[in-house]
Every structure is written in C-alpha cells, then in structure tokens.
Amino acid sequence: MTHTAKSEFLKNFVARGYLHQCTDLEALDTLAGNETIIAYTGYDCTAPSLHVGHLISIMMLRLLQRSGHKPIVLIGGGTTRVGDPTGKDESRPLLTDADINANISGIRKAFERFLTFGDGPTDAIMVNNADWLDKLEYIPFLRDFGTHFTINRMLTFDSVKLRLSREQPMTFLEFNYMLLQAYDFVELNRNYNCRLQMGGSDQWGNIINGVELGRRADGSHLFGLTTPLLTLASGKKMGKSEGGAVWLNEDMLSPYDYWQYWRNTEDADVGRFLRLFTELPLAEIERLEQLGGQELNEAKKILATEATALLHGRDAAEGAAETARRTFEEGASAAGLPTIDIPQAELDEGIAAFELLRRAGLCASGGEARRLIKNRGARLNDQVIETDTAIIGADDISTDGVIKLSAGKKRHILIHPA
RNA sequence: GGAGGGGUGCCCGAGCGGUUAAAGGGGACGGGCUGUAAACCCGUUGGCUAUGCCUACGUUGGUUCGAAUCCAACCCCCUCCA
C-alpha cells in the first residue's frame, strides 16, 4: 500500500480509516481523479432494518457521493433467497418472498437519510438483484458464467473452506452464492457502467470473484475496495447496546437509544469512530481524541450527537443529547426518554412492578423482572423497588404527569397515563 | 444401500436410572469500582396471576415407583465404504 492517494475520494477514504484492501488502488485513484465513478455495495435483506454493523459501508457510500461519484445501493432480494454462507456455520433459514419484500422496504428508509437519490449523474440509485437473478435460465447461465469458475478454486475460498473444515454441511444452493454475487457485478457493469464494488473485508472473496468474472466474461477492468472489519478496542463485536441490536430504523431503536449507543463508546475507539461515523474535520477530531480521562466524555457526546444527527436529523440528535444531560447529569426524569402509554384505569387499579417492567419492554419476561428487582436493579422514580410484588399505581405519577421506570442505570422508560 | 459416531438450556459443553431446571465455560443482564468507558470483583441467567404449578435434554412409543440417562422405531447431522 505504498500508493499515496490523490483523488478527493480516496484521499479522504484513507485518511478517515475506511481502507482495508483494494484490488488496484493506483488505477482506481486515477479513475476517481478523471471521471465520475459508479460504485455499488450490496446488502442482504435478512432483517427489517440495517444496524450499526452496516453503517461503515453506508458512510462509505456517502463519502463517495460527496466526493462527486455515484453510489448504487444493491439490495440482495435475489441473493437473500440463496443465503450468503460467509462466516456462518449453519445455513440460514430460508426467508419467504413476503418477508424479503417487507425487509426491503424497511432497509430503504435508512439509506434515504445518508444518500441523495434521484436521476442526476451523481444521484444514488437503488436496485434489486432479484430483477435479474430471478429470470436467469439455468443452462445458459452455467454455460456463460459457470465456465469461468473452477470447483478447485471455489473450494479454496474461506466461506466454503471454513464450513467444510468444521464439518458443517453446505448445500449446493449456498455453494452457488458466490457465482450469483459475482454475476451481480457483471450485470451492474453492463447496465449501469458500474466499475467498483465496495464492502466489508469479509466480502473480499465475493468481491474478487465479481472483479474476475467481469474480466473473464467481458474483459472489463473492475475494482474492489473493502473496509476493515470493526471490532471494539476491547475485542468485542460492535453493535450491541443495553437491550439488543443497534438498529438504524427509528421504529426499532429510538434516536435517544441510538445516541446512547455512541455515548457509551469505549475510550480507545473514540478517535476512530469520529473519523468513520461523523463528518467533523480531521483537525477537530485530532483535538478531541487528545482529551484525557474524564474529559474524553465530551468527545463521546460530540460523537453521539454527530452520528445521531446523520441518521435521525440534527433536532433529534440535540434532543437526545439534552434528554441524556438531564437524565444523567441532573438525575431528572427528563421528557424525551422512550415513553409508553398505560391506560389510566389500569394505573388507578395498580399494576405489579414486575408486570410493569415487562410491559415497558425493560424485561423480556415476568421472571426476568422479578430477578431484576431481587438484584436491586429496578427503580421507580429513581427509588429502588424493594419487592417484586410492589404495586405501582396512580400515586406514583410524578408532578410531570409520568412515572419513570428504570432497569439498571442506563435504561429508562417513562410511563404515560392515557 | 452398509459400518461407525452424534443430536442437551441463547451458544459451546458435561451428565449416562433417583439428591437434575440439568456441572463448567462463553454470552447476556444486574450490582460494586469509575467517567453513562475499558479492565477487574460479586450476583443472576426456562415460563407462570408463584412457598406452588407448567414446560424442557431430536421425535414418538415403551421398560421402571422413578428416565436427559435403559429399550424400540423414526427424523436429522458427521465420518468412512458402495
């Protein structure tokens, strides 16, 4: 990696820490300096929303667009029906077409926050590989493209090799995944003049296949670019918050909880995350990551607000910051915390504490709630709940007209009588 | 088709007739220390309108006072052979 990037896009790409591997950095840099690159990243639609694990690649597409190039978001409506075996020991359960379509519309939402879609030369477009994969004819496909793959080579790919070496089954369906994904690149190149595929480092093998297939089938010079696999400084996997996955869609994770996720970044990750997940100037980031000890918390708040603003908008981000400030720094039951409605009549009657914790979504079951209370981790209006059968009722409504229910120090819910 | 090995809780994995809601580890959650961090220490970890009841060791049936543990059939996975 001795090449020093000159193009706007790759200069920033490298400086902000997105680069892991590239098939031909020098040639890509030249291309980026001379013309508008059309590039794509593929997304499986196995869940109704993307999550923070996808964020680095979304930011990468955003950077691409802001550098004057054109992003294509490829939704894997077709490949999801096959299932990417990469990094998995077991086949995924096959999703129904209805599930897949519902997931596609959920996923679309997040992209609209980060990219500008439209018909212009650098406007992003979204395509679904089901549009061409579903129509493939078996024999013609095998004759046109199957001849460019040898089983010998396919067996050397990690996605296959790992599965086999661990004596886990891999079906022929899954084995075909890499052909189909490679074919996507060829299809996008032919129809949209797409030259570059980007993705996480775990997709390197799949990306290379596409690049090679394009060269063999069409003689095209295609490029692949990957980002590093992100793990936390402590070695843990990224993307868990108190209570589950960090989804991008607002209906699955509130802006407040999203803000909290970034606020709780480990010290050692702050600089890296500021570069990857915000658009603050690099000089500013360098200053922030110099902060030591407790002062680093200021940098974390900025990270949280900037990252949240990109996804949920500036207002929501500042609102979340303010709610957090009042909750954590003043210990108040700040408005803006996630809220649920409970009918006034039920509150008048009184609800058992364990039951309310479950209804509020703070605990998955009544038993879990009882344990939480036993461990002195449940609080009602900031007072520890002593017994699991305690009754919460209208008397507990504070002067703000709500009841604040907490599980641990960080998870709070406001109960609103309705 | 044949021979052998195997299917245990969120995951890995012990148990191989009763004291087993099932060792141990991981993960997760809560508490402590801190800075809403990491590391570390402690606790919890099937469900329920709960001193009891229900569900659970691939499935179904059987033996037994009693089965995750023994038997039978079936399903699935792995390895070798054809």
Side-chain angles (χ1 to χ4, degrees), chain A residues 87-91 93 162-171 174 231-246 256-274 288-289 291-305 307-308 320-332 334 336-338 346 349-380 382 384-392 405-413:
Chain A
K88 299 184 186 69
D89 256 3
E90 283 170 32
S91 312
L162 289 176
R163 187 79 78 83
L164 295 183
S165 71
R166 304 178 101 166
E167 302 190 344
Q168 297 295 323
M170 169 176 268
T171 65
E174 294 173 279
T231 48
L232 302 184
S234 61
K236 288 185 191 145
K237 253 198 288 184
M238 207 181 154
K240 291 301 274 297
S241 71
E242 282 74 15
V246 181
Y256 171 78
D257 287 323
Y258 190 73
W259 192 93
Q260 281 298 321
Y261 171 73
W262 294 106
R263 171 61 183 81
N264 285 307
T265 297
E266 295 175 19
D267 286 9
D269 290 323
V270 172
R272 194 160 56 116
F273 286 3
L274 280 167
L288 288 171
E289 69 183 335
L291 296 174
Q294 221 182 116
E295 293 194 326
L296 193 57
N297 282 332
E298 291 311 311
K300 291 184 189 180
K301 290 178 199 168
I302 292 170
L303 167 64
T305 302
T308 305
E322 175 58 15
T323 299
R325 191 186 66 75
R326 293 183 46 196
T327 303
F328 287 93
E329 293 172 27
E330 295 176 9
L337 290 172
E346 285 190 59
E349 237 172 86
I351 302 176
F354 72 89
E355 170 69 7
L356 198 57
L357 282 162
R358 190 186 63 74
R359 296 251 308 252
L362 292 171
C363 296
S365 68
E368 192 178 309
R370 286 170 198 269
R371 277 178 240 125
L372 182 72
I373 292 168
K374 208 171 297 166
N375 289 330
R376 303 182 64 75
R379 274 185 303 279
L380 169 68
D382 300 309
V384 172
I385 300 174
E386 301 289 342
T387 58
D388 57 2
T389 49
I391 300 294
I392 297 174
L405 201 58
S406 313
K409 288 186 201 146
K410 296 183 189 174
R411 295 153 62 209
H412 309 284
I413 289 269

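So that the names make sense, note that chain A is the first sequence line, chain B the second, and so on, each numbered from 1.
Evaluation of atom-type donor-acceptor distances gives no pair under 3.5 Å for the side chain of A:Asn375 against the base of B:G31. Applying the 3.5 Å distance criterion, the base of B:U34 shares a donor-acceptor pair with the side chain of A:Lys409.
A salt bridge does not link A:Glu329 with A:Arg263: every distance from a Lys NZ or Arg NE/NH1/NH2 to an Asp or Glu carboxylate oxygen is 4.0 Å or more. Look at A:Asp267 and A:Lys300 and you find a salt bridge, because one of the NZ, NE, NH1 or NH2 atoms lies within 4.0 Å of a carboxylate O, short of that distance.
Side chain of A:Gln294, nearest nucleotide from B:G35, B:U45, B:G31: B:G35. Considering only the side chain of A:Leu372, B:G30 comes nearest among B:G31, B:G30, B:G35. Which of B:G35, B:U49, B:U36 sits closest to the side chain of A:Lys300 comes down to B:G35. Residue A:Arg371 places its side chain closer to B:G47 than to any other of B:G47, B:G35, B:U36. Side chain of A:Glu266, nearest nucleotide from B:A37, B:U36, B:G47: B:A37. For A:Ser234, counting side-chain heavy atoms from C-beta on, the closest listed nucleotide (B:G31, B:G30, B:A39) is B:A39. Nearest to the side chain of A:Arg263, among B:G35, B:U36, B:C48, sits B:U36. For A:Gln260, taking side-chain heavy atoms from C-beta onward, the closest of the listed nucleotides B:U36, B:G43, B:A37 is B:U36.
For the atom pair A:Ile302 CD1 and A:Leu274 CG, the distance stands at 8.0 Å (nearest 0.5 Å). Going from atom CG of A:Leu337 over to atom OG1 of A:Thr327 covers 4.0 Å, rounded to the nearest 0.5 Å. Note that CD of A:Glu368 is 10.0 Å distant from CG of A:Leu362, once rounded to the nearest 0.5 Å. In this structure, A:Glu355 CD and A:Ile391 CD1 are separated by 10.0 Å, a value rounded to the nearest 0.5 Å. The line from NZ of A:Lys409 to CZ of A:Phe328 is 10.0 Å long, rounded to the nearest 0.5 Å.
Counting any heavy atom pair closer than 4.0 Å across all strands shown, A:Ala378 reaches no nucleic acid atom. At the heavy-atom level, A:Trp259 lies under 4.0 Å from base atoms of the strands shown.
Rounded to whole Å, the P atom of B:G2 lies 11 Å from the corresponding atom of B:C74. A gap of 11 Å separates the P atoms of B:U44 and B:G24, to the nearest Å. Look at the C1' atom in both B:U55 and B:A68: the space between them is 15 Å, to the nearest Å. To the nearest whole angstrom, the two C1' atoms, one in B:C29 and one in B:U79, are 40 Å apart. For the P atoms, the distance linking B:C10 with B:G1 amounts to 34 Å, nearest Å. Comparing the P positions of B:G47 and B:G9 gives a spacing of 15 Å, expressed to the nearest Å. Separation of the C1' atoms belonging to B:C76 and B:G58 is 7 Å when rounded to the nearest angstrom. Here, B:G25 and B:U49 have their C1' atoms 36 Å apart, quoted to the whole Å.
The CD-P distance, from A:Glu295 to B:U36, rounds to 14 Å in whole Å. One atom, CD of A:Glu346, and another, P of B:U49, lie 14 Å apart when rounded to the nearest Å. Between A:Ile302 atom CD1 and B:U36 atom P the separation is 17 Å, expressed in whole Å. As rounded to whole Å, 15 Å separates atom P of B:A37 from atom CG of A:Leu303. Following rounding to the nearest Å, A:Lys374 (NZ) and B:A50 (P) show an atom-to-atom distance of 13 Å. Rounded to whole Å, the distance from CG on A:Asp388 to C1' on B:G47 is 15 Å. Atom C1' of nucleotide B:C29 and atom CZ of A:Phe354 are separated by 19 Å, given to the nearest angstrom. Straight-line distance from the CZ atom of A:Arg359 to the C1' atom of B:U49: 13 Å, rounded to whole Å.
Checking the phosphate oxygens (OP1, OP2) of B:U36, no side-chain nitrogen or oxygen of A:Thr327 falls inside 4.0 Å. One finds a side-chain N or O of A:Arg411 lying less than 4.0 angstrom from the OP1 or OP2 phosphate oxygen of B:G30. At B:G47, one or more side-chain N or O atoms of A:Ser365 fall inside 4.0 Å of OP1 or OP2 (strictly under the cut-off).
Sequence order on RNA chain B of the closest nucleotides to A:Arg370 and A:Glu329 puts A:Glu329 first from the 5' end. Both A:Ala364 and A:Ala321 lie close to RNA chain B; mapped to their nearest nucleotides by heavy-atom distance, the more 5′-ward contact belongs to A:Ala321.
A donor-acceptor pair under 3.5 Å is absent between the side-chain atoms of A:Arg379 and the main chain of A:Leu405, judged by distance alone. Between the side chain of A:Thr308 and the main chain of A:Thr305, no donor-acceptor pair closer than 3.5 Å is present. Between the side chain of A:Glu266 and the backbone N or O of A:Ser234, at least one donor-acceptor pair lies under 3.5 Å.
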Nucleotide-level pairing of RNA chain B, given in dot-bracket where Watson-Crick and G-U pairs need both distances under 3.5 Å and | marks other strands: ((((((((.[[[..)..(.....]]]((((((.......))))))(((...)))...[[[[[..)....]]]]]))))))).

